[in-house]
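Read the numbers this way: they start at 1 and go in the same order the structure lists the ligands and their atoms.
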Amino acid sequence: MEINEYFINQRRLRLSRHMRELSATVRLDHKAFIQPLFVEEGLSAPRNVEGLPFVQVDTLTSVIDTIERDLKHGVSKYLIFPVPAHKCESDFDFTFAGTVIKTIRNHFADRVWLASDLCLCSYTTHGHCGILDETHQNLRNQPTVLALAQYATALAASGADCIAPSDMMDGRIAAIRKALNTNGYEQVSIMSYAAKFSSQFYGPFRDACHSAPNTNGLHDRKTYQIAPLNADDALSSALRDDREGADFLMVKPAALYTDVIARLREHTNKPLAAYHVSGEYAAIELLAKEGLLNRAAGHLEVWTALTRAGANVIISYAARNAKEWIEQMEY
Ligand code: PBG
């Protein structure tokens with residue numbers, strides 16, 4: 001058979017919107033989305049965050065309005081970041097975080113699903129995700145895990161559906177699972193930040209949570225977050241968390257690490273969450289602001305890539321737009 005231009009067949013699949021809709025290999029669904037929410041103690045009015053347009057840090061009152069509005073747009077699942085007013089180095093007070101969860105739970109009952117981020121970086125004076133030794137050069141694993149397990153129990157007692165540890169200590173999933181079960185919270189799930197890389201792309205978030213490392217000792221998170229150069233560490237850490245009882249495994253950042261999502265997909269049957277982090281979101285927002293891409297289409301393209309890689313759950317600062325954008329998506 002002669003190969004001439006009439007035999008070229010791939011373009012037939014691209015020829016019309018109908019053909020592109022029929023031949024799509026992945027589809028997006030707003031039900032897979034989780035919206036992050038920041039709630040700060042002692043804040044008198046909501047504040048904006050540099051680098052995160054359309055995202056605000058809420059007060060205990062304004063967060064109710066935010067969720068009320070979101071529910072109308074098909075958002076019901078949240079990742080909560082409580083930002084306490086008081087910072088210290090140990091003996092943390094988790095009262096405010098509990099109050100945030102309770103306040104939302106009392107108002108919305110089971111109309112919302114609440115995961116709470118579990119980390120100490122917005123609690124510590126030095127901004128690290130755990131307890132440092134006297135020299136401030138080393139982050140101590142075991143005392144940190146102990147504090148996290150207590151924190152997880154307090155959040156569960158306040159009505160959290162899911163605990164999302166983002167600290168990257170060794171053994172925290174097993175410790176948290178044990179603490180939850182011992183205290184009667186067997187039904188509370190764990191979404192582990194399983195493959196969390198030491199990334200440049202958390203900048204806007206650290207402004208939102210006042211959580212940038214700021215000590216003369218340990219000055220970055222490289223001794224606990226995963227090196228971008230080491231994909232095997234990410235896989236081992238994530239599968240370890242899987243064995244320790246995590247219900248969801250998260251990869252973070254997301255768009256730069258689709259190779260990790262795809263590899264992990266081959267090795268686990270747990271649902272995978274992809275966290276498109278603050279710096280990744282900000283990059284798209286800046287391009288959109290400069291007129292260099294279409295905002296909705298830009299986010300949709302990233303979400304498509306994450307889904308193609310194998311993510312079941314997408315955490316995005318633009319989750320509250322997912323339903324509308326997906327409905328109107330141009331194939
Ligand atoms: C807390 C935490 C961070 C993020 C989520 N949980 C920041 C960090 O590790 O410094 C980042 C989220 C984002 O950038 O959107 N440890």
Side-chain angles (χ1 to χ4, degrees), residues 33-40 49-57 78-84 87 92 94 97 115-124 126-132 139 141 144-145 147-148 151-152 155 162-169 172-173 176 190-215 218-228 234 237 241 248-257 273-286 299 302 306 313-320:
F33 282 74
I34 298 178
Q35 174 71 49
L37 276 184
F38 301 105
V39 188
E40 184 173 335
V49 189
E50 179 122 44
L52 290 183
F54 308 105
V55 174
Q56 65 178 24
V57 177
Y78 290 98
L79 178 58
I80 315 276
F81 293 94
V83 186
K87 294 188 187 273
F92 307 100
F94 303 120
S116 185
D117 181 84
L118 185 82
C119 195
L120 297 172
C121 59
S122 54
Y123 287 82
T124 53
H126 44 68
H128 278 291
C129 301
I131 297 167
L132 296 183
L139 203 159
N141 200 86
T144 302
V145 168
L148 290 168
Y151 188 6
L155 291 165
C162 178
I163 306 295
S166 65
D167 54 287
M168 295 306 283
M169 295 305 110
R172 85 251 208 243
I173 301 302
I176 291 166
I190 298 177
M191 179 183 287
S192 166
Y193 286 65
K196 175 174 178 179
F197 289 87
S198 173
S199 171
Q200 279 301 305
F201 288 81
Y202 304 148
F205 172 95
R206 290 178 186 172
D207 279 349
C209 285
H210 310 306
S211 65
N214 62 54
T215 161
L218 198 61
H219 57 269
D220 58 36
R221 304 205 201 285
K222 288 184 181 173
T223 64
Y224 47 104
Q225 298 182 346
I226 299 169
S237 300
D241 288 2
F248 299 85
L249 303 175
M250 186 202 295
V251 175
K252 169 189 178 197
L256 296 169
Y257 296 88
Y275 192 158
H276 195 232
V277 298
S278 59
E280 294 180 296
Y281 171 86
I284 292 185
E285 295 297 320
L286 280 172
H299 283 290
V302 171
L306 304 181
V313 173
I314 295 176
I315 303 166
S316 165
Y317 292 96
R320 54 173 57 98

For the pair Lys196 (side chain) and Ser166 (backbone), establish whether a donor and an acceptor sit closer than 3.5 Å, ignoring hydrogens and angles. yes

Please report which non-hydrogen protein atom sits nearest to atom 4 (C) of ligand 1, along with the residue it belongs to and the distance in Å to one decimal place. Lys252 NZ, 2.6 Å

Atoms of ligand 1, numbered as shown, that sit under 4.0 Å from any heavy atom of Tyr275: 12 (C), 15 (O)

Close-contact set for ligand 1 against Asp117 heavy atoms, below 4.0 Å: 6 (N)

So which bit of Asp167 gets within less than 4.0 Å of ligand 1, heavy atoms only: side chain, backbone, both or neither? neither

Output, in order, the C-alpha distance, side-chain angles, deciding distance and verdict of side-chain contact (heavy atoms from CB on, under 4.5 Å) for Cys129 and Met168. CA-CA 8 Å; Cys129 301; Met168 295 306 283; over 6 Å; no

Backbone N or O of Pro53 within a donor-acceptor pair of the Tyr281 side chain at under 3.5 Å? yes

Under a 4.0 angstrom heavy-atom cut-off, which atoms of ligand 1 come close to Cys121? 1 (C), 16 (N)

Backbone N or O of Val57 within a donor-acceptor pair of the Glu40 side chain at under 3.5 Å? no

When you look for heavy atoms under 4.0 Å from ligand 1, do you find them on the side chain of Tyr281, its backbone, both, or neither? neither

Taking the side chain from His128 and the backbone from Leu139, do they hold a donor-acceptor pair closer than 3.5 Å? no

Side-chain (Glu50) to main-chain (Asp207) donor-acceptor, under 3.5 angstrom: no

Between Tyr151 and Phe92, does the ring centroid distance fall short of 6.0 Å? no

Examine the proximity of ligand 1 to Ser166 and report which part, side chain or backbone, both or neither, has a heavy atom under 4.0 Å away. both

Atom 12 (C) of ligand 1: the protein heavy-atom neighbour that sits closest, reported with distance to 0.1 Å: Phe205 CD1, 3.4 Å

Which ligand 1 atoms are under 4.0 Å away from a heavy-atom of Cys129? 16 (N)

What residue and heavy atom of the protein are closest to atom 14 (O) of ligand 1, and at what distance? Ser278 OG, 2.7 Å

Checking heavy-atom distances from atom 16 (N) of ligand 1 to each of Lys196, Met168, His128, the winner is Lys196

Any donor and acceptor pair, going by atom type alone, linking the side chain of Tyr78 with main-chain N or O of Leu37 inside 3.5 Å? no

Against heavy atoms of Tyr317, which atoms of ligand 1 measure under 4.0 Å? 12 (C), 13 (C), 15 (O)

Report, in ascending order of atom number, the atoms of ligand 1 lying under 4.0 Å from any heavy atom of Phe81. 5 (C), 6 (N)

Ion pair Asp241/Arg172, N-O distance below 4.0 Å: yes

